[in-house]
Amino acid sequence: MSADLLARANRLEKLAKLAQDSEGDKQNLERVKLAADKLSATLEKLGQELATRRALDGVGVPREFEPDIVSVFVTLRDFIGARGRPTPERIQRANTIVTRQIDELGTDDRDRWVKWTTSELDGLPEHKATALSHQDRFRVAGFIRELRASSRRPPSVEQVSAFKSLLRLVGEELGEIELSGPILRVLERFASADGVALKELTDADIAALRSDSSIEAQFVVRRQV
């Protein structure tokens, strides 16, 4: 529907530039052209916002509201059909309305984006990253920081696609980790930069770490002094 709307809007723009009446003079025609050029640039921004909106729809982000982005073009089209070339003021009013609609769409899409990305990030089993090697933990942590930073930026078609791809990559990597709760709980204690003192580990904790060969291989005990 939005593609058809933009096509109709572009036709209106051409009509506004080409339509002439018998009373028009060169100065007024120039004002009409300037107003139509400004409306054309605004329509390009509207097209970009609608493309972002479709990208959000494509990843399943619920819409908050449906703005009326048709009436202003219908009104302008009917005026041109009945009376010919519109006045610069009429085109400027249409531009003002479209600009306001772009702002409303942008606000709505940013709200949708933040809610959706926050929910998706909250659903990541980040605690499983403690089972990865130091290098892999660092890499995955970097990916997650990138995802969180992306969720705070205004969305765009490219950003939605990049976020979805990176989220899937991280989710798949963490999803492949199959460890029992006791092992993960012990590993989480080692997330501290200071490590864990030997006296703080119980026999059950050590047994849990030794129960998985890939986890056991990550640990080397050294004296601090």
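None of these values were measured; they are calculated from a predicted model.
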#### Entry: From OG1 (Thr118) to CZ (Arg152), nearest 0.5 Å
9.5 Å

### Query
Taking only residues two or more places apart in sequence or in another chain, which ones pass salt bridge (Lys or Arg N to Asp or Glu O under 4.0 Å) with Glu173?
Arg139

### Message
Under a 3.5 Å distance rule, please check whether Thr52 uses its side chain to pair with a backbone N or O of Gln48 as donor and acceptor.
### Response
yes

### Task
Assess whether side-chain contact (heavy atoms from CB on, under 4.5 Å) is satisfied between Glu104 and Thr107, documenting all intermediate values.
CA-CA 5 Å; Glu104 291 173 347; Thr107 298; 5.9 Å; no

### Query
Using the ring of each side chain (for Trp, its six-membered ring), is Phe163 parallel, tilted or perpendicular to Trp113, with breaks at 30° and 60°?
perpendicular

### Message
So, using side chain to side chain contact (heavy atoms under 4.5 Å, CB included) as the criterion, who are the partners of Glu176 when residues are at least two apart?
### Response
none

### Hydrophobic cluster membership, Leu34 vs Val98, 4.5 Å side-chain cutoff
no

### Task
Give a yes or no on this: more than 12 heavy atoms of other residues, nucleotides or ligands lie within 6.0 Å of atom CG of Asp122.
yes

### Task
Starting at CD of Glu44, measure out to CD1 of Ile102 and round the result to the nearest 0.5 Å.
10.5 Å

### Message
Ignoring hydrogens, what is the shortest heavy-atom contact between Glu146 and Leu166? Give both atom names and the distance.
### Response
CD-CD2, 3.8 Å

### Task
Output, in order, the C-alpha distance, side-chain angles, deciding distance and verdict of salt bridge (charged side-chain N to carboxylate O under 4.0 Å, His left out) for Lys33 and Asp37.
CA-CA 6 Å; Lys33 182 181 183 302; Asp37 287 343; 2.9 Å; yes

### Summary
The side-chain hydrogen bond (donor to acceptor under 3.5 Å, both in side chains) partners of Gln135 (sequence neighbours excluded) come to none

### Query
Which atoms form the tightest heavy-atom contact between Val186 and Ala208, and what is the distance?
CG2-CB, 4.5 Å

### Task
Grab the two heavy atoms, one from Arg31 and one from Pro88, that are nearest each other, plus how far apart they are.
CB-CG, 3.6 Å

### Task
Determine yes or no for a side-chain-to-main-chain donor-acceptor pair under 3.5 angstrom, with Ser119 supplying the side chain and Lys115 the backbone.
no

### Task
Would you please name every residue forming a salt bridge (Lys or Arg N to Asp or Glu O under 4.0 Å) with Asp57, sequence neighbours left out?
Arg63, Arg112

### Message
For a quick test of reading the model, state the closest non-hydrogen atom pair linking Pro155 to Val160 and the distance between them.
### Response
CB-CG2, 4.4 Å

### Message
Would the distance check show the side chain of Ser150 and the main-chain N or O of Leu147 forming a donor-acceptor pair, the cut-off being under 3.5 Å?
### Response
no

### Task
Sequence neighbours left out, what passes salt bridge (Lys or Arg N to Asp or Glu O under 4.0 Å) with Arg110? Give chain and number order.
none

### Straight-line distance of Gln101 CD to Asp108 CG, nearest 0.5 Å
13.0 Å

### Task
Verify the cluster assignment for Leu121 and Leu169: are they in a single hydrophobic cluster under the rule of side-chain heavy atoms below 4.5 Å apart?
yes

### Message
Rounded at 0.5 Å granularity, tell me how far CG in Asp203 sits from CZ in Arg210.
### Response
10.5 Å

### Query
So, for Ile91 and Ala36, which heavy atoms are closest and what is the spacing to 0.1 Å?
CG2-N, 4.0 Å

### Task
List the atom of Ala35, the atom of Gln92, and the distance in Å for their closest heavy-atom pair.
CB-CG, 4.2 Å

### Task
Check whether any side-chain heavy atom of Arg53 sits under 4.5 Å from a side-chain heavy atom of Leu56, and report yes or no.
no

### Message
In the structure I gave you, are the side-chain heavy atoms of Leu124 and Leu167 within less than 4.5 Å of one another anywhere?
### Response
yes

### Query
Leu46 versus Leu105: any side-chain heavy-atom pair under 4.5 Å?
yes

### Task
Report whether Trp116 and Ile144 are members of the same hydrophobic cluster (ILVMFWY, side-chain heavy atoms less than 4.5 Å apart, transitive linking).
yes

#### Entry: Pairing residues for Asp205 by the side-chain hydrogen bond (donor to acceptor under 3.5 Å, both in side chains) criterion, not counting sequence neighbours
Arg189, Thr202

### Task
Answer whether the closest heavy-atom distance between the side chains of Leu43 and Asn95 falls below 4.5 Å.
no

